[in-house]
2 protein chains.
Amino acid sequence: MSDDHDHHAYAPSRIRALPSWLLGRAAARGHRLVADALAAEGMRMMHHAVLSAVAELGPVSQAELGRTLGIDPKDIVAIVNDLQKDGLVTRTPDPKDRRKNAIEISSAGEHRLRRTEKLGDEANERLTADLTPAEREQLIALLTRIALPR
Amino acid sequence: MSDDHDHHAYAPSRIRALPSWLLGRAAARGHRLVADALAAEGMRMMHHAVLSAVAELGPVSQAELGRTLGIDPKDIVAIVNDLQKDGLVTRTPDPKDRRKNAIEISSAGEHRLRRTEKLGDEANERLTADLTPAEREQLIALLTRIALPR
DNA sequence: CAAAACCGTTGGGGGCGCCAATGGTTTCTG
DNA sequence: CAGAAACCATTGGCGCCCCCAACGGTTTTG
């Protein structure tokens, strides 16, 4: 039986079946959940992503951060500015290549990262709460093949 | 020197495995593909979506359009303005409820919609080109369960 | 050693999602 | 049946994400 006669029931518009539309809606919900969670630590999604990448890649240039995360160099500048201002990363001129900055995580950054990683993971669990672990893995696998750079 | 050149082997950042991150990247690519395709007809994604919804829902109020598509009423106003200016939809005061506008598609709108639907579908095929039809259906099913409103 | 490639930085811009407020209209309710 | 509450379209404003162009300084290449 149709339980939703009274409530417009989301007409099955052709739009709603398009991957591009669904991706946009799902991404919006994911961003909302994660952003709200990270806000508890005064962090934003991009800041958390960059901080995490810095932690993994050790001393790394801003250009490489942009490349590995697919973020515009211009935006990297602003993000690293913020992270540095909060003492979460250090920005040192690279003596080997004076064009580059060597970005490194600080101990305060590591502490902050531990908390934001937890918050981010929890938000992602909420995002995929309706999925079984297997389905979650499947979604990740499919998205990885679609989210190709370029 | 040889290691440094290695084409950004996409470090396995923890970030990159998060659904929320993958969704953002995949959505960005989808939007890029669709937007570029629709630009050939001078349309944008939201305009196409609204036009499609209007075609399906017959005479419909702006509030309901916003509800079924999950778009803010404020944005609906701007979009309907554009569509009306281009003669793709008509906006008539609803005699039954003078608060509402009855939005209806015009013949020019139907013609435009036929072309943009084709372009949008093609862009979505390009987006999911690396997936088998079965995988594509699976992705749509999974996304539908994740993209829940609110 | 000049040209090309790369780096960080600045400036600009489009698109999307969200919230607050307002005047007009309809519906609910006491 | 009158006042309150809910709804509608509209205006205005905010923040985040994604992308491009240009420039001075540095390194690599031919």
Side-chain angles (χ1 to χ4, degrees), chain A residues 8 20-21 23-36 38-39 42-50 59-67 69-82 84 91-103 147 149-150, chain B residues 1-2 4-5 7-8 20-21 23-36 38-39 42-50 60-67 69-82 84 91-103 147 149-150:
Chain A
H8 56 73
S20 57
W21 180 262
L23 282 171
R25 302 292 298 167
R29 189 166 94 99
H31 177 268
R32 196 167 46 225
L33 287 171
V34 174
D36 287 351
L38 295 186
M43 290 278 281
R44 281 174 290 176
M45 248 185 59
M46 286 301 154
H47 291 65
H48 169 60
V50 169
V60 59
S61 71
Q62 300 180 192
E64 179 153 358
L65 282 175
R67 254 177 262 126
L69 289 175
I71 300 179
D72 190 278
K74 176 225 175 78
D75 300 320
I76 294 281
V77 171
I79 294 170
V80 173
N81 281 345
D82 293 340
Q84 186 184 27
R91 176 167 17 196
T92 318
D94 186 338
K96 296 290 178 189
D97 187 337
R98 286 155 57 214
R99 292 172 300 181
K100 302 182 181 178
N101 287 334
I103 313 298
R150 215 335 181 211
Chain B
M1 295 245 173
S2 37
D4 247 23
H5 284 128
H7 280 23
H8 47 284
S20 58
W21 180 263
L23 282 171
R25 302 290 300 166
R29 189 165 94 97
H31 178 268
R32 196 166 45 227
L33 287 171
V34 173
D36 287 352
L38 295 186
M43 290 279 281
R44 278 174 291 177
M45 250 185 57
M46 286 301 157
H47 290 65
H48 169 59
V50 169
V60 59
S61 72
Q62 301 179 191
E64 180 154 358
L65 283 175
R67 254 177 263 124
L69 288 176
I71 300 179
D72 192 279
K74 176 229 174 73
D75 302 319
I76 294 282
V77 171
I79 294 171
V80 173
N81 281 346
D82 293 341
Q84 185 185 28
R91 181 195 258 152
T92 316
D94 185 338
K96 297 292 178 189
D97 187 337
R98 285 156 57 217
R99 291 173 300 180
K100 303 181 182 178
N101 286 334
I103 312 297
R150 283 299 158 183

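Below, chain A is the first sequence line, B the second, and so on; all start at residue 1.
For B:Gln84 and D:dA9, the CD to C1' distance is 13 Å, given to the nearest whole Å. A straight line from CZ of A:Arg29 to P of D:dC16 spans 21 Å, rounded to a whole angstrom. To the nearest angstrom, C1' of C:dC16 lies 16 Å from CG of B:Leu23. One can place CZ of B:Arg44 at 16 Å from P of C:dG13, the figure rounded to the nearest angstrom. To the nearest angstrom, C1' of D:dC16 lies 11 Å from NE2 of A:His47. When rounded to the nearest whole Å, the span between CD1 of A:Ile76 and C1' of C:dT10 equals 16 Å. The separation between A:Arg25 atom CZ and C:dG17 atom P is 6 Å, rounded to whole Å. We find that CG of A:Asp36 is positioned 13 Å from C1' of D:dG15, with the value rounded to whole Å.
Counting all heavy atoms, side chain and backbone alike, A:Leu23 lies closest to B:Ala27 at O-CB, 3.6 Å.
An OP1 or OP2 oxygen of D:dT10 is reached within less than 4.0 angstrom by a side-chain nitrogen or oxygen of B:Gln62. Phosphate proximity of C:dC16 to A:Arg32: absent, as no side-chain N or O sits under 4.0 Å from OP1 or OP2. At C:dG17, none of the side-chain N or O atoms of A:His31 fall inside 4.0 Å of OP1 or OP2 (strictly under the cut-off). Between A:Arg98 and C:dC6, a side-chain N or O to OP1/OP2 separation shorter than 4.0 Å is absent. Between A:Asn81 and C:dG8 there is no side-chain N or O to OP1 or OP2 distance below 4.0 Å.
Between B:Lys74 and B:Asp72 there is no salt bridge, since none of the side-chain N atoms of the basic residue sits less than 4.0 Å from a carboxylate O of the acidic one. Taking the charged nitrogens against the carboxylate oxygens, A:Asp94 and A:Lys96 have no contact shorter than 4.0 Å, which rules out a salt bridge.
Looking at which nucleotide of DNA chain D each of B:Asp75 and B:Ala102 is closest to, the 5′-most match is held by B:Ala102. Positionally, the nearest nucleotide of DNA chain C for A:Pro73 lies more toward the 5' end than for the other of A:Pro73 and A:Ala28.
Within the 4.5 Å cutoff, side-chain heavy atoms of B:Ile103 are placed close to those of B:Val80.
The base of C:dG12 lies close enough to the side chain of A:Lys74 for a donor and an acceptor atom to sit less than 3.5 Å apart.
Contact annotation for A:Asp72: base contact, defined as any heavy-atom pair under 4.0 Å involving a base atom.
Closest approach to the A:Asn101 side chain among C:dC7, D:dA9, C:dT9 is made by C:dT9 (side chain taken as heavy atoms from C-beta onward).
Looking at A:Arg25, its side chain does come within 3.5 Å of a backbone N or O of B:Gly70 through a donor-acceptor pair.
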